[in-house]
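Here's the structure, in structure tokens; my notes come after.
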Amino acid sequence: MKKFEKIVKQTFKKSERLSGKKNIEELFKNGSYFYLYPLKVVVLPSLHSNTHQVLFSVPKKSFKRAVDRNLLKRRMREAYRLHKHLLLTEPNVLSIAYIYTSKEVVNYQTIAHQIKESLNRLNSYVEKSVE
RNA sequence: AUCGCAGGCCGCCUUAUCGUUUCGAAUUAACUUCGGAAAGGAAAGUCCGGGCAAUACAGAGCAACGUACUUCUUAACAGGAAGGUACUGGCUGUAAAUGUCAGUAACAGAAAGUGCAACAGAAAAUAAACUACCCUGAUAAACUUAUGAUUGUCGGGGAAAAGGUGAAAAGGUGAGGUAAGAGCUCACCGCCCGUACGGUGACGUACAGGGGCAUGGUAAACCUUGCGUAUUGAAAGAUCAAAUAGGUUCUGCUCCCCGCCAGUUGCGGGGACCAAUUGGCUCGAUUGGAAACCCGUUUGUCGGGCAUAGCAGAAUGGGUAGAUCGAUAGACCCUGACGGUGACGUCCGGGCUAGAUAAAUGAUAAGGGUUCCGAACUGGUUUCGGAAAACAGAACCCGGCUUACAGGCCUGCAUUUUUU
RNA sequence: GCCGAUGUAGCUCAGAGGUAGAGUACUUCCUUGGUAAGGAAGGGGUCACGGGUUCAAAUCCCGUCAUUGGCU
């Protein structure tokens with residue numbers, strides 16, 4: 001496990017983020033999803049990229065203040081950055097969207113725990129073969 | 001010291017580890033390394049004003065919208081400064097006023113017009129007569145010798161003083177006057193008009209001036225007057241531009257039509273236009289075309305006719321995804337000097353201070369400072385333990401306004417207490 | 001980021017300067033052997049909140065808050 005951590009750095013660069021209108025539309029149109037309170041995770045095997053690509057979203061409807069939305073996005077991003085080594089990198093590459101569904105601000109420990117859980121689940125998508 | 005009000009300022013700090021965006025340098029295939037920078041006083045609300053961009057624009061009028069004491073300030077403003085007026089409160093003084101300090105004001109026009117005012121009340125806006133008041137006619141009653149006067153009832157007038165209603169009742173106080181009353185007359189006060197003087201102006205002051213008072217409220221009701229406003233917003237807009245599918249042009253082949261030459265499969269041709277633009281509307285303004293070919297013909301400014309296929313290749317225009325610019329050095333910030341009552345302006349010197357794009361500015365740990373709570377002690381303080389730290393996150397950029405805000409600091413004014 | 005709309009009884013909505021209503025729901029009574037339906041009576045409102053204009057504001061003006069629609 002320690003070896004693995006050395007190989008996968010704890011960075012979170014631009015190339016690891018999901019961007020582009022088309023990619024996002026495709027993900028939400030064709031992706032499969034599951035819930036892990038307070039998160040909703042949307043996944044789709046990707047063909048365009050070399051690495052996993054992630055986006056984090058907090059709906060404006062649940063949180064009026066921009067400060068709250070930023071805080072939750074930062075917590076989710078930080079949790080993903082520190083634990084992404086749990087996600088396998090072969091054979092498939094995924095597009096992932098994390099959507100915050102709760103209407104209350106949840107602390108960092110809970111979010112980190114659920115992110116870890118979600119990564120374990122996502123490994124099954126990585127191993128599945130693309131049709 | 002205490003507790004208020006008003007104004008201004010600050011908006012926890014340091015270190016380490018792992019990260020994010022961007023700029024510069026170096027080496028390179030590289031996001032690899034090194035160094036620098038990275039949220040606010042409100043970044044918020046989107047309520048005003050401007051820059052900037054596209055579109056429109058000779059000019060004028062109307063509509064619509066905004067705005068409203070004056071002068072200044074400014075790129076501009078519904079912001080700000082200084083002043084005027086009115087109102088409220090304190091102080092001085094006191095019968096009131098004057099004076100002074102502070103605060104508040106959507107503060108143009110109600111003697112241009114139209115409208116509105118529930119309930120109550122006699123009456124709610126060209127004034128009006130319910131009670132009460134005064135004069136008077138008729139009639140009844142009792143009194144009186146009688147004229148007469150009193151009271152009641154019915155009618156005709158006068159009056160706007162008293163009553164009560166209401167948010168509001170048509171100058172106030174006093175005197176004269178009268179049948180009773182009334183600006184009917186007079187004095188003082190108030191009001192309107194005029195003149196003079198002072199002030200850039202709002203306005204102020206004065207008058208042996210004129211007017212008996214006409215002019216109630218509401219314009220955040222319509223409206224009138226003055227002034228102002230073209231519309232839409234960076235998701236504006238500019239440049240480059242993949243794949244796919246259209247457009248246009250050219251070339252080749254096939255098909256169709258016409259003509260010519262002829263020799264069997266050869267050669268040539270198959271074309272253009274028919275008004276347009278103009279802010280929300282109108283006037284007005286600007287710029288056009290009406291041609292050519294074929295056939296007929298009565299030779300006219302006449303009538304009729306004119307089909308455009310398919311495949312392949314190349315070029316080209318618009319333009320989607322996407323990318324770049326717009327977009328971060330500016331009505332900028334700091335210090336000082338000068339001018340101005342002030343807002344503010346001018347000048348010298350210094351500084352570079354976020355720039356993302358599914359959207360960076362974070363997470364964890366340790367230490368310190370501040371405030372609060374508890375305990376111990378040598379009891380103004382120190383030590384230990386625990387807790388708390390607001391409102392809030394750039395998105396083209398500025399000037400304001402408004403709203404939110406833990407805690408702290410400074411200045412001015414006022415309250416209470418102590419000391420000198 | 002930009003531009004609009006709405007907020008009135010538990011619910012759905014009228015009311016647009018003069019003391020706030022309708023339908024439905026609720027309570028009580030009548031009717032019925034009992035229930036429903038029907039009939040009669042009644043209660044229930046900070047007109048989202050805070051200021052202002054006016055004699056008077058749900059209504060007009062300004063500012064907050066909440067809900068909601070559109071532009072791409």
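Order of the sequence lines fixes the chain letters, A, B, ..., with proteins taken first and strands second; residue numbering starts at 1 for each chain.
Between the CG atom of A/L71 and the C1' atom of B/A360 there is a distance of 16 Å, rounded to whole Å. One atom, CG of A/L55, and another, P of B/A359, lie 7 Å apart when rounded to the nearest Å. What separates CZ of A/R65 from P of B/A43 is a distance of 16 Å, to the nearest Å. To the nearest angstrom, P of B/A363 lies 20 Å from OH of A/Y80. Put simply, CZ on A/R75 is 22 Å from P on B/G19, counting in whole angstrom units.
Between A/Y35 and A/Y33, the two ring planes are perpendicular [angle over 60°; tilted spans 30° to 60°]. Between A/Y98 and A/F56, the ring-plane angle classifies as parallel under the 30° and 60° cut-offs.
B/G355: glycosidic angle beyond 90° from 0, hence anti.
Between A/V54 and A/N70, the residue anchored nearer the 5' end of RNA chain B, judged by the nucleotide with its closest heavy atom, is A/V54. Where A/L82 and A/E78 each meet RNA chain B at their nearest nucleotide, the meeting point lying more 5' is that of A/L82.
Residue contacts shown for A/R77 are limited to sugar-phosphate atoms, with no base heavy atom under 4.0 Å away.
Stem regions annotated for RNA chain C: C:1-7 with C:65-71, C:10-13 with C:21-24, C:26-30 with C:38-42, C:48-52 with C:60-64, counting only runs of 3 or more consecutive pairs of Watson-Crick or G-U type with both contacts under 3.5 Å.
Among all heavy-atom pairs drawn from A/I96 and A/L18, the shortest one is O-CD2, 4.4 Å.
Using a 4.0 Å cut-off, no side-chain N or O of A/R81 falls inside it from OP1 or OP2 of B/A360. Contact check, A/R74 against B/U361: a side-chain N or O comes under 4.0 Å of OP1 or OP2.
No donor-acceptor pair closer than 3.5 Å links the side chain of A/H83 to the backbone N or O of A/E117.
The side chain of A/R17 approaches B/U20 more closely than any other nucleotide in the set B/U20, B/A363, B/A358.
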